[in-house]
Amino acid sequence: MYETKNPQLTPELYAYVLAHNPPLSPTQRALVDTTHRQYADVAGLQTAEEQGALLAFLVRLTGARRIVEVGTFTGFSTLSMAAALPAGGQVIACDVSEEWTSVGRAAWADAGVADRIDLRIAPAIETLRALPDGPWIDLAFLDADKGSYVDYWEELVPRMTPGGLLVVDNTLFHGDVTDPAKGGGAAAIRAFNDHVRADDRVDDVLLTVADGTTLARRL
C-alpha cells in the first residue's frame, strides 16, 4: 500500500480550506453559530461547513430538482441544498425533532427558501416508505442514525432516477471503521460501507471529506 497523499488536517489548514470555499451566506453563518451556541453538546451533528458548499455544488452540477434528506438537525444542509435548487425544486427533509428543526425553519424563512422545503416530522423510515415508488429522486442526502443506514439506503435506491446521486455522511465514523473491536455506530457504518460496495445498482466512491463522505450514482 502506498502512502496517503492526504495532509494532516490541522486547524490552520482547515481554516485555509474554508477560506477557499464559497463563503457562507449571512443566514448560513447565523445558523451555524446559533447551533453551536444553543446545542453545544450535540453541535457535531451539524453537517460540516465545507459539506454545505459541496452539497450546493452537487445540486447545481446534477441539476437536481427533487431531493430527499434523511436527517435534518438544525437545517444547515437543508438550507445549503435548497438555496442551490432551480425554480420549482424541492427538498423533502426527514427528521424526528420539532425543537431542532424549528431553528432550521427560521433560517429557511430568513433565506427565502422555506417554500422549497417540505419538512416531515416522523421516523424517517416511515416517511421514506410512504414516498411514491419508482425512480423520481434526483439527489438524496443521508445523515441520520447510523444503525438504520442500510434500511434507509434500501428505500432510497429504488426511487433514484438513473444517474441520480446519493450522498452519505459519516462513512468513516471518526476513523473507528477500521477497528473491528468497535461496536455501535462504527459497526453499523462498517456494515453499511460493505453493503454499498456490494450493491450492483450503483457505482460509488468513498471520500475523506469531513467524517467520510460516500457518493453513489444510480445506474
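Small disclaimer: the values here were computed from a predicted structure and weren't measured.
- The distance from atom CD of Glu50 to atom OG1 of Thr213, rounded to the nearest 0.5 Å, is 8.0 Å.
- Not a single donor-acceptor pair under 3.5 Å links the side chain of Asp176 to the backbone N or O of Lys182.
- The hydrophobic cluster containing Val91 does not contain Trp136, counting ILVMFWY residues as joined when their side-chain heavy atoms lie under 4.5 angstrom apart, directly or transitively.
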Run the numbers on Gln46 and Thr74 for side-chain contact (heavy atoms from CB on, under 4.5 Å), then give the verdict. CA-CA 7 Å; Gln46 184 171 254; Thr74 58; 3.7 Å; yes
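- One hydrophobic cluster, built from ILVMFWY side chains closer than 4.5 Å, cannot hold both Leu139 and Leu166; they sit in different ones.
- Leu131 is listed as a side-chain neighbour of Val68, based on a closest heavy-atom distance under 4.5 Å.
- Ion pairing between a basic and an acidic side chain is recognised when a charged N comes within 4.0 Å of a carboxylate O; Arg37 and Asp33 show no such pairing.
- No donor-acceptor distance shorter than 3.5 angstrom exists from the side chain of Lys5 to the backbone of Glu3, with no hydrogens or angles considered.
- Using a distance-only test at 3.5 Å, with no hydrogens or angles considered, no donor-acceptor pair links the side chain of Thr72 to the main chain of Glu69.
- A salt bridge is defined here as a Lys NZ or Arg NE, NH1 or NH2 lying under 4.0 Å from an Asp or Glu carboxylate O, and Asp138 with Arg66 meets this definition.
- Side chain of His195 to backbone of Ala191: no donor-acceptor contact under 3.5 angstrom is found.
- The backbone N or O of Ala48 lies less than 3.5 Å from a partner atom in the side chain of Gln51, making a donor-acceptor pair.
- Using modelled atom types, one side-chain atom of Arg65 and one backbone atom of Ala87 make a donor-acceptor pair closer than 3.5 Å.
- In terms of heavy-atom proximity, Ala144 sits nearest to Lys146 at O-NZ, 2.9 Å.
- In this structure, a donor-acceptor pair under 3.5 Å is absent between the side chains of Thr171 and Asn193.
- Distance check: Thr27 OG1 to Asp110 CG gives 4.0 Å after rounding to the nearest 0.5 Å.
- More than 12 heavy atoms of other residues, nucleotides or ligands lie within 6.0 Å of OH in Tyr14, so this atom counts as buried by the packing criterion.
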Walk me through whether Trp153 and Asp199 qualify under side-chain contact (heavy atoms from CB on, under 4.5 Å). CA-CA 10 Å; Trp153 178 265; Asp199 194 335; 2.8 Å; yes
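- Asn170 places no side-chain N or O within 3.5 Å of a backbone atom of Gly212 that could act as its donor or acceptor partner.
- With values rounded to the nearest 0.5 angstrom, Leu79 atom CG is found 5.5 Å from Ser25 atom OG.
- Glu154 has a carboxylate O that lies under 4.0 Å from a charged side-chain N of Arg201, or vice versa, which qualifies the two as a salt bridge.
- Remark: the backbone N or O of Ala84 is not paired with any side-chain donor or acceptor of Arg116 at under 3.5 angstrom.
- With a 4.5 Å cut-off on side-chain heavy atoms, Val205 and Thr214 do not count as touching.
- For the atom pair Asp151 CG and Leu128 CG, the distance stands at 10.0 Å (nearest 0.5 Å).
- At a cut-off of 3.5 Å, with distance as the only test, a side-chain donor of Asp145 or Ser148 sits close to an acceptor on the other residue.
- The two residues Ser97 and Trp100 come nearest to each other via the heavy atoms OG-N, 2.9 Å.
- The shortest heavy-atom contact between Gly175 and Asp211 is N-OD1, 4.4 Å.
- Grouping the Ile, Leu, Val, Met, Phe, Trp and Tyr side chains by contacts below 4.5 angstrom, directly or via other members, places Val209 with Met81.
- A donor atom on one side chain and an acceptor atom on the other are not found under 3.5 Å apart for Asp115 and Trp108.
- To the nearest 0.5 angstrom, Ser80 atom OG is 4.0 Å from Gln28 atom CD.
- Thr101 and Asp95 share no side-chain donor-acceptor pair at under 3.5 Å.
- For the pair Asp143/Ser77, no side-chain contact is recorded, criterion being any heavy-atom separation below 4.5 Å from C-beta on.
- Between Ile92 and Gln90 there is a side-chain heavy-atom pair separated by less than 4.5 Å.
- You'll find the side chain of Leu45 stays beyond 4.5 Å of the side chain of Tyr39, heavy atoms only.
- With hydrophobic clusters built from ILVMFWY side chains whose heavy atoms lie under 4.5 angstrom apart, Leu24 does not share a cluster with Val17.
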Derivation of the side-chain contact (heavy atoms from CB on, under 4.5 Å) call for Asp169 and Leu142: CA-CA 6 Å; Asp169 197 15; Leu142 177 52; over 6 Å; no
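- Side-chain contact between Phe141 and Val70 is absent, with no heavy-atom pair separated by less than 4.5 Å.
- Side-chain contact between Val59 and Leu85 is present, with at least one heavy-atom pair separated by less than 4.5 Å.
- The pair Arg197-Asp204 counts as a salt bridge, with a side-chain nitrogen and a carboxylate oxygen less than 4.0 angstrom apart.
- No single ILVMFWY cluster, assembled from side-chain heavy atoms under 4.5 Å apart, contains both Val96 and Tyr152.
- Residues Arg218 and Pro162 have side chains not in contact (no heavy-atom distance under 4.5 Å, counting atoms from C-beta outward).
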